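Encoded as structure tokens, the structure appears first; notes follow it.
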Protein chains: 2
Amino acid sequence: MTDVRALLLDQKLALTPSEERIAQILLADYPTSGLGTASNLAKKAGVSDATVVRLAVKLGFDGFPDLQKRLLSEVEARLQSPLLMMETKRSNVAAQGIAESYLHAVSETIDKTISATPANTYDKVARIVMEAKGRVSLVGGRFSRHIAGMLAGYLSQFRANVHDIGTLAAPSFDILVDYGKRDVLIAFDYRRYQNDVVAFASQAAERGATVVLFTDQWLSPIAEHAEVTIICPLEVPSPYDTLAPAVAQIEALVAQILSSLDDTTRRRVENLESIRARNAVTVDVEDSSGSSPQPGPKRKKGITADA
Amino acid sequence: MTDVRALLLDQKLALTPSEERIAQILLADYPTSGLGTASNLAKKAGVSDATVVRLAVKLGFDGFPDLQKRLLSEVEARLQSPLLMMETKRSNVAAQGIAESYLHAVSETIDKTISATPANTYDKVARIVMEAKGRVSLVGGRFSRHIAGMLAGYLSQFRANVHDIGTLAAPSFDILVDYGKRDVLIAFDYRRYQNDVVAFASQAAERGATVVLFTDQWLSPIAEHAEVTIICPLEVPSPYDTLAPAVAQIEALVAQILSSLDDTTRRRVENLESIRARNAVTVDVEDSSGSSPQPGPKRKKGITADA
DNA sequence: CGATTTTCGAAAGAAATATTTCAGACCTGT
DNA sequence: ACAGGTCTGAAATATTTCTTTCGAAAATCG
């Protein structure tokens, strides 16, 4: 019995854009989001009820209730799992330091991230970014703008006309006037969603720009206007959410782009590297110890946390 | 929020014989048997639909759908369990797209990170940062400066006098003149190490500042001058390294700091929050759907310029 | 043993959910 | 620019699911 997740990820089915939105929501927190009503799911995905039903049929079910029945049996199977039984008893993993258990949580969240986004989403974004004829701008909230900055750093190696907007201020909105169909805006907006970012992205979309959104499973309001939405779970047992999975996602996007570079672009990257080398911006520490990845720089002072 | 199981076991409610049959079925394989339709449950218990509804009301719900919603959220909570996530991960190892396998690699790297740093290191850094009498500055390289920025964002919630240096330029070096024993410099330097960052950190150390270094396992030259060095493995099968573990580390540090806040600082954080709330910087999307964590923004290609 | 109360299911009615239809929007290739 | 195609949401329809009503059976009590 194939599980519904596999069906959703099956490339052969060639889901339509609306259908993919549904798939995305479904995968983002699988499978609970499919356990409510069809309309509810439709609303979450921002599509009509009809489309949800059509997807169910396309996947080979008799209708939505049929799909749901399958989902339910999957849930049941998982709840029956011996692992869970074990865990119910043994309350929590051994009491470690705060930092350590935090890192464990992050690792789990990243695992969740993997299954939360269909494979071809990255590909789609990669294409949008690399094929954009106009400008590619990046914007983010109080913390996420740093992620925007990182991605901007990578992207500007691959193409010209990349613009990191940085902190949004009143004058930032002026640049909206130049936005048009050929431009792309990559927005980062994780809860709690920031009014200025939402407003900015909305208006960019209004002017015809293609909006790519990175957000969490609760979906920033920007999702309404986004061409592609990349969802990232980032909840951890801490007052603040973790952005590490989001970083991993943009890096995955970069890996995706790298794998499909054409020759022109590849030359661009090489040129950049050589320019940097010529200006001695970086320094390599020579690896004295043959195969082992551990060099031996002298440690003069202080502590070195080591593997 | 009491769980449904507890309600069913509650003696005070004095269930009638038919109601108890339902309760029994429900508890027998909790909670999946309650996730279908009311009639289905009734049939399994050998009672009428009406009785099922009556039970739901008796338990204090508005009706069967209401009870079901609660059941659903309980399921969701259990499915979030770490161990189950691990299981999912294992079943997913099959060959995937570039982005996906990249994420897997990152996940592994983070696991490595956990064991790469002794537990008390975070604690030590937390103390250095929070007890510093002077200024806490942050500096980083071409990519890592974004991580510095993130950490600066967090830290400035906890103490005054946090300074994110941002991109290093010639004038940046001027501020070195003010560095002294009471100051702390947090430097991020992952390979390939940047000359300017190394120079800056070295001179800060020379002037007596306490240097905390985040670097990779090959150790930035700054390590020689650092009071504490936090090492992060960040190699993945890609031309670029991953910074996700580094982000996880600074967040772990924040978690550590949070756990040991004194009252003064805690009040500072609360004040910041309320100031932000009063100025309506962020927007919460209300959760329309009880059990499920998804909001339901109505999607319309029209624009809702906000705030 | 009968009167009264409680419990319960069948069936009707109400509400919700799912499905189909249809027309317009949006591509795509000529 | 235009024809042919696909995709999609609104609304109408069909279906299922839930709730209420009501009378009969069972239990309880005097």
Side-chain angles (χ1 to χ4, degrees), chain A residues 12-26 33-72 120 124 127-128 131 181-182 205 208 210 223-229, chain B residues 12-26 33-72 288-292 294 296-302:
Chain A
K12 286 194 290 293
L13 281 168
L15 300 186
T16 70
S18 295
E19 285 166 349
E20 268 188 73
R21 301 186 84 130
I22 302 169
Q24 208 165 21
I25 297 292
L26 224 35
S33 47
L35 259 34
T37 69
S39 318
N40 195 272
L41 177 59
K43 215 166 56 187
K44 276 187 237 168
V47 301
S48 68
D49 299 12
T51 307
V52 171
V53 174
R54 278 191 286 256
L55 175 62
V57 172
K58 195 167 185 175
L59 294 177
F61 298 95
D62 279 348
F64 183 76
D66 190 35
L67 179 154
Q68 199 170 51
K69 221 164 52 188
R70 173 76 128 278
L71 240 29
L72 245 145
N120 62 338
K124 203 181 305 171
R127 241 192 317 261
I128 289 175
E131 289 170 6
K181 286 221 180 305
R182 304 153 59 87
T210 304
E224 292 182 43
H225 314 296
E227 178 80 17
V228 184
T229 302
Chain B
K12 285 194 291 293
L13 282 166
L15 301 185
T16 70
S18 298
E19 285 166 350
E20 269 192 73
R21 299 184 68 169
I22 302 170
Q24 212 162 6
I25 296 292
L26 223 36
S33 47
L35 259 34
T37 70
S39 321
N40 192 275
L41 177 59
K43 213 167 58 194
K44 269 193 252 174
V47 301
S48 71
D49 300 10
T51 308
V52 171
V53 174
R54 277 191 285 259
L55 175 62
V57 173
K58 197 167 186 176
L59 293 178
F61 297 95
D62 278 349
F64 184 76
D66 190 35
L67 178 152
Q68 197 171 51
K69 220 159 58 180
R70 173 78 129 274
L71 239 28
L72 236 127
S288 61
S289 59
S291 75
S292 163
Q294 295 283 3
K298 30 196 171 301
R299 205 174 290 262
K300 194 80 210 208
K301 265 280 152 103

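If you're wondering where the values come from, they're calculated on a predicted model, not measured in any experiment. Here is how names work: the chains are called A, B, and so on, in the same order as the sequence lines, proteins then strands, and each is numbered from 1.
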Show me the donor-acceptor pairs, under 3.5 Å and distance only, between side chains in residues 37-47 of chain B and residues at least two apart or in other chains.
unit_1: B/Thr37; atom_1: OG1; unit_2: B/Asn40; atom_2: N; d: 3.0
unit_1: B/Ser39; atom_1: OG; unit_2: B/Asp49; atom_2: OD2; d: 3.2

Donor-acceptor pairs are to be reported for all side-chain atoms of residues 51-67 of chain B against protein atoms at under 3.5 Å, with residues two or more places apart or in another chain.
unit_1: B/Thr51; atom_1: OG1; unit_2: B/Ser48; atom_2: OG; d: 3.1
unit_1: B/Lys58; atom_1: NZ; unit_2: B/Ala14; atom_2: O; d: 3.2
unit_1: B/Lys58; atom_1: NZ; unit_2: B/Glu19; atom_2: OE1; d: 2.8
unit_1: B/Asp66; atom_1: OD2; unit_2: B/Asp62; atom_2: N; d: 2.9

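Atom CD in A/Glu20 sits about 12 Å away from atom P in D/dC7, given to the nearest Å. Straight-line distance from the NZ atom of B/Lys58 to the P atom of C/dT6: 11 Å, rounded to whole Å. D/dC18 atom C1' lies 15 Å from atom CG of B/Leu55, rounded to whole Å. Regarding B/Lys43, its NZ atom lies at a distance of 13 Å from the C1' atom of D/dT16, rounded to whole Å. Here D/dC18 presents its P atom at 7 Å from CD of B/Gln68, a figure rounded to the nearest Å. Distance A/Lys69 NZ to D/dT17 C1': 15 Å, rounded to the nearest Å. To the nearest angstrom, P of D/dT8 lies 10 Å from CG of A/Leu15. Rounded to whole Å, atom P of D/dC18 lies 15 Å from atom CZ of B/Phe61.
Residues B/Leu15 and B/Ala23 approach most closely at CD1-CB, 4.1 Å, considering heavy atoms.
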Where protein sits on nucleotides 8-17 of chain C, one letter per nucleotide: B base, S sugar-phosphate only, - none, heavy atoms under 4.0 Å: BBB------S
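Distance check: A/Leu35 CG to A/Leu72 CG gives 4.5 Å after rounding to the nearest 0.5 Å. Atom CD of B/Glu20 sits about 10.5 Å away from atom CD1 of B/Ile22, to the nearest 0.5 Å.
For the helix from C/dC1-D/dG30 to C/dT30-D/dA1, the angle separating the two terminal helix axes comes to 30°, with each axis derived from five pairs and the value rounded to 10°.
Remark: A/Arg182 engages A/Lys133 in a side chain to side chain contact (heavy atoms under 4.5 Å, CB included) (not counting sequence neighbours).
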